[in-house]
Amino acid sequence: MRSFKFGIIDYKAGNLASIHYALKDIGCDSKISSSTNDLKEVDALLLPGVGAFGHAMLTLKEDGLDQFLKDFVQQGKPVLGICLGMQLMSNSSTEMGLTTGLGLIPGHVEKIANITCNVGWSPLAYRNALNIPGTIFDKKDYYYFNHSYVFHTSSKYVLATSAANNLENGCEFNAIIKMNNLYGVQFHPEKSQKAGRNFLKNLIQDIKNGS
Amino acid sequence: MALKRIIGVVTVKGGMAVQSIGFNKYLPLGDPVILVENLDKWGADEILLQCIDRTILGVGPDYDLISKIARSGIATPLIYGGGISSVDCAAKAFACGADRLVVESMIRDAPKRLIDIASRFGSQSLIASFPVTLVNGIFSYFDYLSRSPFELSQEILEILKNRIVSEVLLIDSMNEGRINGFDLGILNKVRELQLPPILAFGGVTEPDCMISLLKHPDIAGIAIGNSLNYRESSISHIREALNQMPIRSRYESN
């Protein structure tokens with residue numbers, strides 16, 4: 001039986017190898033490409049992290065990937081965005097000037113408040129559970145964040161939040177968002193050690209269940 | 001900032017992991033991929049892979065090594081340093097498996113390129129490295145390639161002030177590879193510059209030194225090199241010793 005396959009979008013930035021091998025580690029196949037032909041037959045698309053909004057959107061448009069993504073979503077197929085990848089799914093971002101995003105999940109990306117960058121490990125505060133039978137999200141797990149911007153969206157799409165300077169006294173931001181079968185995570189599950197691997201496994205199960 | 005971090009450092013010279021002493025003496029340790037895998041298994045918060053001869057040899061980043069490490073499937077963020085001199089270098093390093101980059105020579109030789117890299121990849125992906133010396137109260141930035149002091153130019157100071165880089169790796173060159181402890185006087189000397197959050201490296205060996213650093217408000221993380229290789233699961237022992245500090249107390253080995 002063919003294993004689930006992600007198409008990892010290459011927008012000329014992104015920690016492509018990191019996510020590719022993380023998926024391989026959990027038994028998930030993936031293909032890295034900037035070609036819409038290559039990406040047509042995958043089960044889900046993945047927008048990786050590491051990059052800046054303006055340049056990423058420019059590259060997506062140059063390669064026709066912006067429309068490809070929108071068409072993919074229109075067909076009801078799933079997309080996962082990690083860090084910048086999550087932010088690209090918004091309507092717009094103010095990073096390096098106002099730039100239009102893919103508009104896949106309503107919302108806007110702005111600079112994180114009070115600090116320049118949020119780099120390091122933080123726990124999550126779960127708002128709504130991912131309803132996956134057998135899923136255990138350990139609320140004490142830490143995940144690795146590395147970002148300067150955050151995605152503001154309606155609370156109905158927010159599954160979990162986090163905060164720089166930990167949850168007690170930091171500025172809260174959206175960490176996991178979901179709209180239909182579009183998923184966005186602000187942290188890097190591919191670099192969050194065992195918690196991150198478990199998260200990816202659970203997320204893929206959620207996608208397969210078509211939740 | 002998030003919780004402060006324990007960063008495991010693997011120094012590579014001639015393709016081999018080495019124990020570095022004052023950037024002057026190098027003792028072989030073995031295959032860098034194995035050392036990185038150990039740090040990943042032991043739960044380092046980040047792993048810094050510094051290839052210290054790439055710039056001087058003019059050979060650019062060690063993409064093969066980054067790729068080998070990525071193929072091993074490590075699940076810990078990888079910071080790569082060594083030979084990064086352009087946006088294209090940076091792009092390829094990220095594509096091969098780096099998650100953040102540390103740059104040193106470029107800061108002195110072509111500081112404007114940092115702006116180009118930050119525009120493409122975000123400031124959070126960039127760390128500026130500054131070896132420093134503090135001897136008899138005299139503080140200076142140290143170019144370890146020419147082995148001579150240098151002044152921070154106004155251009156570099158503007159880049160730091162504008163947070164083009166997310167963090168600064170301050171290397172205590174006098175104590176690097178030694179057990180004397182990172183000289184906290186260095187942090188006092190740089191305070192007036194209002195640098196981005198600091199990662200301290202060089203002589204960070206004993207728990208007392210680590211505690212002093214982690215208590216300092218300007219410190220975002222401590223980078224530990226040689227001493228991590230002398231003991232199995234060294235990082236978990238360090239975490240036990242630092243259990244009152246604002247570090248990640250919970251992790252599970254991969």
Side-chain angles (χ1 to χ4, degrees), chain A residues 10 12-26 32 48-56 59 83-84 95-96 112 115-123 138 140-149 162-166 170 188-198 200, chain B residues 1-6 40-41 43-47 63 66-67 69-78 87-88 90-91 93-101 117-127 162-167 196-197 199 220-221 246-254:
Chain A
D10 180 1
K12 311 292 188 292
N15 58 343
L16 303 171
S18 294
I19 186 63
H20 172 74
Y21 287 109
L23 290 171
K24 186 177 178 185
D25 199 30
I26 60 170
I32 299 171
V50 184
F53 197 100
H55 183 272
T59 309
C83 194
L84 171 66
E95 185 176 7
M96 304 278 177
I112 193 169
I115 54 172
T116 307
C117 302
N118 180 35
V119 182
W121 296 78
S122 294
D138 190 327
K140 294 197 214 74
D141 275 338
Y142 285 78
Y143 299 86
Y144 181 75
F145 291 84
N146 184 26
H147 61 116
S148 307
Y149 285 77
S162 189
N165 289 328
N166 70 56
H188 287 270
E190 76 281 11
K191 285 302 170 88
S192 293
Q193 296 174 344
K194 192 169 178 182
R197 292 292 198 263
N198 286 342
L200 280 172
Chain B
M1 65 182 87
L3 292 172
K4 301 194 179 194
R5 283 162 275 143
I6 298 173
D40 176 51
K41 199 165 46 179
D45 292 322
E46 286 169 319
I47 298 168
Y63 301 119
I66 302 171
S67 298
I69 288 168
R71 277 198 299 275
S72 73
I74 65 160
T76 302
L78 182 70
V87 172
D88 288 343
F94 286 127
C96 287
D99 301 299
R100 301 177 79 199
L101 300 178
I117 295 177
S119 300
R120 173 102 165 245
F121 302 105
S123 303
Q124 66 276 359
S125 66
L126 271 180
I127 302 166
N162 293 332
R163 299 297 189 257
I164 301 299
V165 299
S166 58
E167 293 176 325
L199 308 175
I247 58 170
R248 184 169 56 127
S249 56
R250 177 191 161 87
Y251 76 99
E252 291 180 50
S253 63
N254 300 324

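Note on naming: letters A, B, ... go to the chains in the order of the sequence lines (proteins, then strands), and numbering restarts at 1 for each one. Owing to the predicted nature of the structure, the values given are computational and were not obtained by experimental measurement.
- For the set Ala91(B), Gly73(B), Ala95(B), the entry with the most heavy-atom pairs within less than 4.5 Å of chain A is Ala95(B).
- Interface residue Ala13(A): backbone and side-chain heavy atoms are both found under 4.5 Å from chain B.
- Heavy atoms closer than 4.5 Å to chain A are found nowhere in Ala93(B), neither backbone nor side chain.
- In this structure, chain A has no heavy atom under 4.5 Å from any part of Ser72(B).
- When the salt bridge (charged side-chain N to carboxylate O under 4.0 Å, His left out) test is applied to Asp10(A), no partner is found at least two apart in sequence or on another chain.
- Interface check for chain A: of the options Ala70(B), Pro77(B), Ser67(B), the most heavy-atom pairs under 4.5 Å are formed by Pro77(B).
- The shortest non-hydrogen separation linking Cys96(B) to Ala17(A) is O-CB, 3.2 Å.
- Proximity to chain B involves both the backbone and the side chain of Ser148(A), based on heavy atoms less than 4.5 angstrom apart.
- Between Tyr144(A) and Arg100(B), the shortest heavy-atom distance links the atoms OH-CD, 3.4 Å.
- Taking all atoms of both residues into account, the shortest heavy-atom contact from Lys12(A) to Phe121(B) is O-CE2, 4.1 Å.
- Listed by chain and number, the residues in a side chain to side chain donor-acceptor pair (under 3.5 Å) with Asp99(B) are Asn15(A), Ser18(A), Lys191(A) (sequence neighbours excluded).
- Of all heavy-atom pairs spanning Glu46(B) and Val119(A), the tightest one is OE2-CG1, 3.9 Å.
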